[in-house]
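First the proteins, then the strands, lettered A, B, ... as listed; each starts at 1. All of these numbers come straight from a predicted model, not from anything done at the bench.
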Amino acid sequence: MSDRFWQQAFAVARRDLDRERRAGEVTWVMIPFGAIALLLVPLAIGINQDVLSRIGTGMLFVVVLLFGVLTAVRRTSIETPEQRDLIALLGIDPAAEFTGKTMASAFLLLVFQIAMGAVALVLYGLDISGWAWMIVVMPLTAVGLAELGTVSASVAASTNAGPALVPLLVTPLAIPLLLAATQTVESVDREGGNLTWPVLMAVVVLVLAIVGVATARPLQETR
Amino acid sequence: MSDRFWQQAFAVARRDLDRERRAGEVTWVMIPFGAIALLLVPLAIGINQDVLSRIGTGMLFVVVLLFGVLTAVRRTSIETPEQRDLIALLGIDPAAEFTGKTMASAFLLLVFQIAMGAVALVLYGLDISGWAWMIVVMPLTAVGLAELGTVSASVAASTNAGPALVPLLVTPLAIPLLLAATQTVESVDREGGNLTWPVLMAVVVLVLAIVGVATARPLQETR
Amino acid sequence: MPASDSLILFEGVAARIGVATILRDVDLVVVPGESVGLFGANGAGKTTLLRVIATLLRPSGGSARVLGVDLASQDRFDIRPRIGLIGHKPALYPELSLLSNLEFSARIAGLDLRLARKALDQVGLAQAATRLVGESSYGMQRRVEFAREIMLDPDLLLLDEPHSALDPSAIELVEHIVAGVLERGGAVVLASHDVEKVAPMVTRTAELAGGTVA
Amino acid sequence: MPASDSLILFEGVAARIGVATILRDVDLVVVPGESVGLFGANGAGKTTLLRVIATLLRPSGGSARVLGVDLASQDRFDIRPRIGLIGHKPALYPELSLLSNLEFSARIAGLDLRLARKALDQVGLAQAATRLVGESSYGMQRRVEFAREIMLDPDLLLLDEPHSALDPSAIELVEHIVAGVLERGGAVVLASHDVEKVAPMVTRTAELAGGTVA
Amino acid sequence: MSDATRTRIGALDIVATVSVVFALVFAIASPRIESQGEAARLLFVHVPTIWLAYLAFAVTFVASILYLATRRLRWDHVAGASAEIGVVFTTVAIIGGMVWGKATWNVYWTWDARLTLTAIMLFVYIGYLALRRVIAEPEARARRSAVLGIVGLVQLIPVHFSVTWWRTLHQTNTFRPRDIQMDGPILAALLVSVAAFTVVYAALLRHRVRLEGLELAAYAAAAAPVGPVAGDAVSAPNIGNSGAQP
Ligand code: HEM
Ligand SMILES: Nc1ncnc2c1ncn2[C@@H]1O[C@H](COP(=O)(O)OP(=O)(O)OP(=O)(O)O)[C@@H](O)[C@H]1O
Ligand SMILES: Nc1ncnc2c1ncn2[C@@H]1O[C@H](COP(=O)(O)OP(=O)(O)OP(=O)(O)O)[C@@H](O)[C@H]1O
Ligand SMILES: [Mg+2]
Ligand SMILES: [Mg+2]
């Protein structure tokens with residue numbers, strides 16, 4: 001991974017974050033929308049505080065999954081055909097493009113998770129003991145979801161259905177990741193924490209990174 | 001409401017449904033995504049079948065709300081500035097445009113609800129007794145959500161934040177509607193059904209229709 | 001006849017987008033049968049002026065009348081169907097076919113649907129009627145826009161760079177459309193950069209610079 | 001020198017989009033220093049041919065070599081940075097400023113960022129550098145595209161309707177850019193409908209009709 | 001600062017300050033509710049603020065309708081200012097309720113229809129304010145937010161009736177017509193507090209409306225065609241000196 005690689009990756013990440021900053025989709029849509037979802041579910045299913053603090057972590061990650069997937073298809077991550085042609089002709093290393101997009105998405109997902117975590121902590125009165133693990137789990141979840149989103153988006157970009165297909169591709173794939181995240185945090189309560197789940201997550205994240213980098217070129221080649 | 005009015009309204013509805021048919025966002029994104037959400041929540045919060053059949057109706061309507069809101073901002077309901085200019089110059093009656101858009105959205109939302117209802121019925125083993133009311137509740141929910149979505153979309157259209165703001169505007173407004181829907185179905189179990197809730201919904205739907213039609217022109221006038 | 005008969009009567013008109021001033025102190029009079037070529041450097045405000053005339057952007061100052069109606073009044077909505085505008089970017093739905101796009105306009109305008117097919121035939125796209133806009137070449141999309149104006153038959157036709165992407169045969173068509181509007185006592189304003197090409201279609205020219213018509 | 005020295009060497013090339021055959025049996029040879037004007041009716045396939053040359057659409061038949069590389073081979077990725085394309089629609093990010101758009105291209109291409117500002121200055125947009133693309137006129141957006149090609153300095157420049165939306169002073173700029181590419185032994189292919197305007201920039205013309213170069 | 005833009009402390013502001021002090025005295029002097037402890041004095045903040053929020057949103061509703069009927073921007077200013085104050089009051093009421101809840105229910109937040117719906121009402125009007133923020137043009141902002149100001153009022157109904165419609169932890173509505181269940185002195189202190197907050201609302205509204213008027217004037221002043229024109233930023237290409245190619 002040369003200097004050139006990282007230069008391109010950072011340029012892509014910066015572009016995505018700049019575009020997001022102007023559009024404010026994460027700030028103005030995903031975070032409030034996610035907060036409303038966290039607020040609404042307990043009301044709708046009418047459960048009490050005890051149950052809530054037990055299932056809270058699970059709910060948190062469901063929301064992170066469902067709305068996190070939407071980051072991958074946020075308006076500002078979608079490129080027009082003209083923009084895609086331009087990028088190709090600029091001679092981008094497809095792996096660097098994958099890396100840059102993933103970095104930007106992961107950053108946004110991390111912000112989203114922290115916001116949701118704060119809301120869940122206050123609303124659900126979660127037990128804070130397992131939350132030290134959050135420092136490990138949240139970034140892993142963010143990167144994993146971002147990788148899945150980026151790969152799915154570039155797979156879908158080469159079909160007619162376009163970005164519409166992405167959530168459908170990502171969500172089922174992301175479920176194991178989210179289950180692992182939930183387990184990490186919850187297992188702390190039961191067994192005082194063990195490394196199985198976070199290590200499993202780290203492995204998945206790594207495998208996805210390898211898959212993403214390796215498939216970046218073949219995916220671009222269809223064009 | 002003249003012939004001209006309905007002709008324009010139907011033309012708009014037809015355009016929206018045609019665009020949606022090509023893009024397939026409801027079929028390919030919202031329905032599978034909603035089904036995954038229905039599947040995922042019980043899994044993540046680990047509750048058993050008994051509890052599930054109790055909270056099922058609530059969950060169903062939460063999903064209808066959260067994903068239904070996305071209908072209002074589906075890619076094919078968003079117009080470019082050029083398309084909006086064209087519509088304005090064609091001399092459309094703004095109230096007819098509101099009506100047409102609402103009809104198309106309501107139809108899509110009804111389809112979405114039926115699909116979600118079927119999934120919830122199977123997954124959650126819901127008690128079918130209260131469901132006769134669904135025949136009344138689902139269309140009311142669909143129309144009400146569609147009205148809110150259309151109003152919010154035209155309120156937010158052509159602002160900087162644009163469609164990004166719509167979910168934030170619609171979701172909180174739609175919550176009373178969804179709560180009423182839940183109550184209708186659930187009150188059947190408790191009290192054998194009473195008309196208060198559906199009548200309340202019908203009133204809200206009617207009020208929103210009046211507001212939508214009455215404010216359509218002032219909203220267009222800023223252009 | 002005096003100015004009261006003018007189709008466009010602008011006096012000291014100013015226009016802003018957000019906080020940016022784009023036009024100021026624009027005077028422009030266009031009478032029936034007139035076709036005005038609007039010139040000016042990139043970014044001079046031609047597109048903005050056309051949108052003001054089309055009632056789509058409200059002037060922030062001055063007195064502006066179009067088709068006898070004050071643009072500050074509510075009546076401006078009544079004249080919209082009599083105005084046709086073709087802008088830089090096609091106002092078409094890419095997911096719909098060329099014909100469906102025209103039929104949609106026809107339905108909203110309350111016209112016979114057969115006019116849509118006829119107009120498409122006139123711009124030479126009869127064979128491509130069922131093709132999606134998204135699968136048509138750029139020039140074909142522009143032709144569809146002209147077909148729409150043929151169908152809608154406006155009294156005031158506003159064209160932003162009418163020549164771009166049109167092949168020579170299609171340009172003849174544009175000249176034909178412009179002539180038709182003028183014959184029926186309408187008026188045309190067209191923004192362009194190409195004095196020569198535009199010459200056969202205009203009766204006079206105006207230059208936009210510094211936000212105002214020189 | 002024989003054809004092996006050609007920058008573009010197409011023999012019986014065919015191209016399809018989906019199931020539709022757009023080009024068939026296209027023969028085209030372009031040597032260094034040559035500038036070819038590509039003409040043809042709307043929908044003839046000019047844009048499609050330019051995209052094939054740019055390696056963005058793979059030919060479905062025939063033998064196609066560009067910059068010495070077979071378009072069917074994996075090597076085509078290596079020549080992409082040496083090709084510049086300006087299409088019908090601006091390839092810009094509307095949420096970014098004019099300058100940021102150029103700087104993004106510069107970063108990806110591994111160029112000095114100061115070149116971006118210099119190129120913007122050359123197309124006359126230095127004052128508008130921080131303006132968002134979405135808040136710039138169409139002609140300003142087109143100018144930014146030319147600024148990008150000034151900065152990237154390609155060996156093979158492909159232009160789709162270079163004149164549209166440019167004012168006369170900007171058209172001189174295009175002629176200047178084309179001349180620069182040719183001087184350095186590059187080649188230019190430009191699609192257009194305007195024989196006269198294009199004349200000063202081309203060394204010869206080719207006509208597309210019926211999916212092939214006549 | 002010109003005279004027009006200077007903030008003037010009016011009689012209303014003085015009355016507002018005095019009445020708040022007065023209400024405070026009443027609140028402290030009111031008898032202690034034995035079952036609840038000192039935290040119960042939050043009643044005198046929690047209840048008046050939420051009621052004033054209701055009033056504020058109702059004013060937004062009425063002013064929005066009046067704007068659409070008359071097209072006078074003054075009404076839009078009233079609507080916007082009132083919603084802003086309503087959001088502040090709702091926030092105060094929720095925070096007060098949360099602190100009170102910690103004292104009586106031992107949690108800050110719980111899954112209760114009234115609490116949730118109150119939070120959602122807050123979101124509706126935050127959305128309203130967000131919308132106002134993203135539209136620069138005064139007329140456009142007025143029309144668009146008026147529509148939302150009208151639709152938004154629907155939200156108050158479920159908040160108010162939530163305690164009756166759902167079995168909730170939250171206190172049921174005490175103030176039903178002809179059936180007030182509250183001790184005299186406490187009731188008196190509450191009414192004084194409500195009155196005080198009403199004056200505060202009126203004073204804040206007056207200032208905010210004036211400020212909106214000033215903003216409009218500033219916007220109109222910027223519209224005067226004196227500054228540079230957007231098109232001036234574009235110049236002829238600069239190809240003579242350096243040349244396009246190195
Ligand atoms: C975050 C927590 C809370 C929220 C969001 C909240 C919200 C509200 C709202 C919206 C009202 C107005 C009801 C109406 O008139 O329509 C209200 C009234 C009231 N609240 Fe709370 N509340 C909270 C906590 C509490 C707590 C902890 C208590 C006391 C134990 C309390 C006691 C009252 C009382 C006595 C009233 C007046 C009842 C009436 O007559 O209507 N609230 N609250
Ligand atoms: N995505 C697509 N799917 C199917 N057909 C397409 C698609 N894109 C273009 N075509 C068809 O290919 C043909 C050639 O299109 P192309 O854009 O290359 O024409 P062009 O010569 O550039 O025309 P113009 O002068 O209008 O720009 C057209 O008939 C068009 O309908
Ligand atoms: N949304 C906007 N916000 C701010 N400024 C804008 C916006 N749209 C256009 N402008 C500015 O207004 C000026 C005039 O734009 P306009 O599109 O009217 O120019 P034009 O004469 O049509 O130029 P061209 O020949 O390039 O089409 C430009 O300087 C542009 O930057
Ligand atoms: Mg223009
Ligand atoms: Mg083309």
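- Between A:L89 and D:A54, the shortest heavy-atom contact is CD2-O, 3.4 Å.
- In A:F107, the CZ atom is not crowded: 12 or fewer heavy atoms of neighbouring residues, nucleotides or ligands sit closer than 6.0 Å.
- Neither the backbone nor the side chain of D:P154 comes within contact range of chain A; no heavy atom of the residue lies under 4.5 Å from a heavy atom of that chain.
- Within the 4.5 Å cutoff, side-chain heavy atoms of D:L96 are placed close to those of A:R19.
- Of the two parts of D:I83, the backbone and the side chain both hold a non-hydrogen atom closer than 4.5 Å to a non-hydrogen atom of chain A.
- Surrounding NZ of D:K197 are more than 12 heavy atoms belonging to other residues, nucleotides or ligands, all under 6.0 Å away.
- Using a 4.5 Å cut-off between heavy atoms, D:L92 contacts chain A through its backbone alone, with no side-chain atom that close.
- Nearest heavy-atom pair, D:L56 versus A:A88, reported as atom, atom and distance to 0.1 Å: CD2-CB, 4.0 Å.
- For the pair A:E97/D:I108, no side-chain contact is recorded, criterion being any heavy-atom separation below 4.5 Å from C-beta on.
- Cation-pi geometry between A:R22 and D:Y93 is not satisfied (NZ or CZ under 6.0 Å from the ring centre, within 45° of the ring normal).
- Between A:Q83 and D:P94, the shortest heavy-atom contact is NE2-CD, 3.9 Å.
- Using a 4.5 Å heavy-atom threshold, the side chains of D:F77 and A:D93 count as separate.
- D:R80 places no side-chain N or O within 3.5 Å of a backbone atom of A:G91 that could act as its donor or acceptor partner.
- Counting heavy-atom pairs closer than 4.5 Å to chain A, the top-ranked of the candidates D:R148, D:E103, D:R82 is D:R148.
- Of all heavy-atom pairs spanning D:S105 and A:L86, the tightest one is OG-CD2, 4.2 Å.
- The side chain to side chain contact (heavy atoms under 4.5 Å, CB included) with D:R107 is formed by just one residue from the set A:R15, A:R14, A:Q8; it is A:R14.
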